[in-house]
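To start, the structure under review is shown below, and the notes come after it.
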Amino acid sequence: MDEIDSAILRELARDGRISMAELGKILDVAPSTVFKRIEKLKRSNVIEGFTIAINPDYFAESLISFLTITVAPHDKERVAAFLANHECVLEVYETLEPSDFIAKVVVPSITDMKNEVLVPLSAFEGVREIKPFITVKRIKEQNGSVRLYD
């Protein structure tokens, strides 16, 4: 990956709907070059897909929270699969100490959080601790950044 590929990724992360012509203008390359490079980035799985960012402020009943979850080693895979396949869970990361996972969850209410996520998670034998952190205001959310490492 070179500087043009990095610049393409940065611009797409900023605006995924930018046209090939506009991107070519910004980067001073032909739109066909931009298209070919994007296709190559998709084939090599650098670009996993394109999506939209939804403003949660338009959905009054959406409660965004983060859960830290501590799990016994023998149940980590099952808990990870539950989280990865749950509709309310938007993101899941395996972490180092003090917990094993952090998950971003969006539900209509605290009751839904309890019934749809916390109670089923607690039913796993290996789940030792779940700590929910309920958000009150989104300050910043960014869907991607592009940094090259040597």
Side-chain angles (χ1 to χ4, degrees), residues 1-71 73 75-110 112-113 116-118 120-121 124 126-127 129-150:
M1 181 163 24
D2 62 13
E3 184 52 42
I4 292 174
D5 289 339
S6 296
I8 288 170
L9 292 173
R10 276 193 302 276
E11 291 300 321
L12 287 174
R14 189 181 58 71
D15 178 6
R17 292 178 48 105
I18 191 169
S19 71
M20 301 292 164
E22 183 65 26
L23 197 46
K25 235 185 261 183
I26 291 169
L27 303 176
D28 197 29
V29 296
S32 60
T33 300
V34 172
F35 177 79
K36 288 175 187 172
R37 285 178 174 254
I38 289 173
E39 289 302 308
K40 182 181 172 192
L41 291 166
K42 287 173 13 184
R43 280 192 310 277
S44 62
N45 291 319
V46 172
I47 295 176
E48 293 182 332
F50 294 89
T51 188
I52 61 170
I54 299 171
N55 184 345
D57 295 338
Y58 284 94
F59 300 94
E61 294 186 352
S62 54
L63 176 74
I64 299 171
S65 64
F66 293 86
L67 307 177
T68 59
I69 305 150
T70 305
V71 182
D75 231 359
K76 279 179 94 169
E77 284 186 33
R78 289 185 341 129
V79 170
F82 170 82
L83 293 167
N85 293 309
H86 200 292
E87 185 178 289
C88 298
V89 178
L90 300 184
E91 299 177 40
V92 181
Y93 298 92
E94 186 171 350
T95 60
L96 297 175
E97 296 293 330
S99 59
D100 296 299
F101 298 103
I102 187 167
K104 181 179 181 182
V105 177
V106 177
V107 290
S109 68
I110 290 175
D112 290 303
M113 169 78 73
E116 295 180 31
V117 182
L118 299 178
L121 257 180
F124 285 94
V127 172
E129 182 178 57
I130 305 168
K131 286 185 180 178
F133 297 88
I134 298 172
T135 66
V136 293
K137 180 180 177 183
R138 177 177 66 159
I139 307 297
K140 178 182 178 180
E141 181 178 53
Q142 186 172 332
N143 293 323
S145 67
V146 179
R147 294 184 191 160
L148 291 180
Y149 299 96
D150 291 330

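Computed from a predicted model, the values in this text were never measured in an experiment.
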Open item on the list: Could you check whether atom CD of Glu39 has more than 12 heavy atoms from other residues, nucleotides or ligands sitting under 6.0 Å from it?
Closed with: yes
Open item on the list: Rounded to the nearest 0.5 Å, what separates atom NZ in Lys104 from atom OH in Tyr93?
Closed with: 8.5 Å
Task: Over 12 non-hydrogen atoms of neighbours within 6.0 angstrom of CG in Asp15 - done: yes
- [ ] For the pair Thr33 (side chain) and Val29 (backbone), establish whether a donor and an acceptor sit closer than 3.5 Å, ignoring hydrogens and angles.
- [x] no
Task: Check against salt bridge (Lys or Arg N to Asp or Glu O under 4.0 Å), Glu48 and Lys42 - done: CA-CA 6 Å; Glu48 293 182 332; Lys42 287 173 13 184; over 6 Å; no
Open item on the list: For the CZ atom on Phe35, are there more than 12 heavy atoms of other groups (residues, nucleotides or ligands in this structure) within a distance under 6.0 Å?
Closed with: no
Open item on the list: Quick check: closest heavy atoms across Leu63 and Ser109, and the distance to 0.1 Å?
Closed with: CD2-C, 3.8 Å
Open item on the list: The test is side-chain contact (heavy atoms from CB on, under 4.5 Å); show your working for Ser99 and Lys131 and say whether it passes.
Closed with: CA-CA 9 Å; Ser99 59; Lys131 286 185 180 178; over 6 Å; no
Open item on the list: I need the Leu83 CG to Arg78 CZ distance, nearest 0.5 Å.
Closed with: 12.0 Å
TODO: Quick one: pull up CG in Leu121 and CD1 in Ile130 and give me the separation to the nearest 0.5 Å.
DONE: 4.5 Å
Open item on the list: If the test is side-chain hydrogen bond (donor to acceptor under 3.5 Å, both in side chains), which one of Arg37, Arg10, Lys40 qualifies with Asp5?
Closed with: Arg37
Task: Ala84 to Val92 - nearest heavy-atom pair and separation - done: N-CG2, 4.3 Å
TODO: Find out whether Pro120 and Phe82 are in side-chain contact, i.e. whether some heavy atom of one side chain is under 4.5 Å from a heavy atom of the other.
DONE: yes
Open item on the list: Do the side chains of Glu11 and Arg14 get close enough for a salt bridge, i.e. N-O under 4.0 angstrom?
Closed with: yes
Open item on the list: Side chains of Ile38 and Ile47, heavy atoms from C-beta outward: is any pair under 4.5 Å?
Closed with: yes
Task: Closest contact, heavy atoms only, Thr70 versus Pro98 - done: OG1-O, 3.8 Å
Open item on the list: Donor-acceptor check, side chain of Asp100 to backbone of Val71, threshold 3.5 angstrom: yes or no?
Closed with: yes
Open item on the list: Could you measure the distance from the CD1 atom of Ile8 to the CE atom of Met20? Nearest 0.5 Å is fine.
Closed with: 8.5 Å
Task: Main-chain N/O of Ala81 paired with Asn85 side-chain donor or acceptor, under 3.5 Å - done: yes
Task: Interatomic distance, Leu118 atom CG to Ile69 atom CD1 [nearest 0.5 angstrom] - done: 9.0 Å
Open item on the list: Does any part of the side chain of Leu12, heavy atoms only, come nearer than 4.5 Å to the side chain of Phe50, both counted from C-beta?
Closed with: yes
- [ ] Show your working on side-chain contact (heavy atoms from CB on, under 4.5 Å) between Val127 and Val79 and close with a plain yes or no.
- [x] CA-CA 8 Å; Val127 172; Val79 170; 3.8 Å; yes
Open item on the list: Evaluate Phe66 against Thr135 for side-chain contact (heavy atoms from CB on, under 4.5 Å), listing each step before the verdict.
Closed with: CA-CA 8 Å; Phe66 293 86; Thr135 66; 3.8 Å; yes
Open item on the list: I need the minimum non-hydrogen distance between Gly126 and Asp75, along with the two atoms involved.
Closed with: N-OD2, 2.8 Å
Task: Check against side-chain contact (heavy atoms from CB on, under 4.5 Å), Leu90 and Val105 - done: CA-CA 6 Å; Leu90 300 184; Val105 177; over 6 Å; no
Task: Separation of Lys137 NZ from Ile64 CD1 (nearest 0.5 Å) - done: 13.5 Å
Task: Nearest heavy-atom neighbours spanning Thr95 and Phe101 - done: OG1-N, 3.5 Å
Task: Closest contact, heavy atoms only, His86 versus Glu116 - done: NE2-O, 2.8 Å
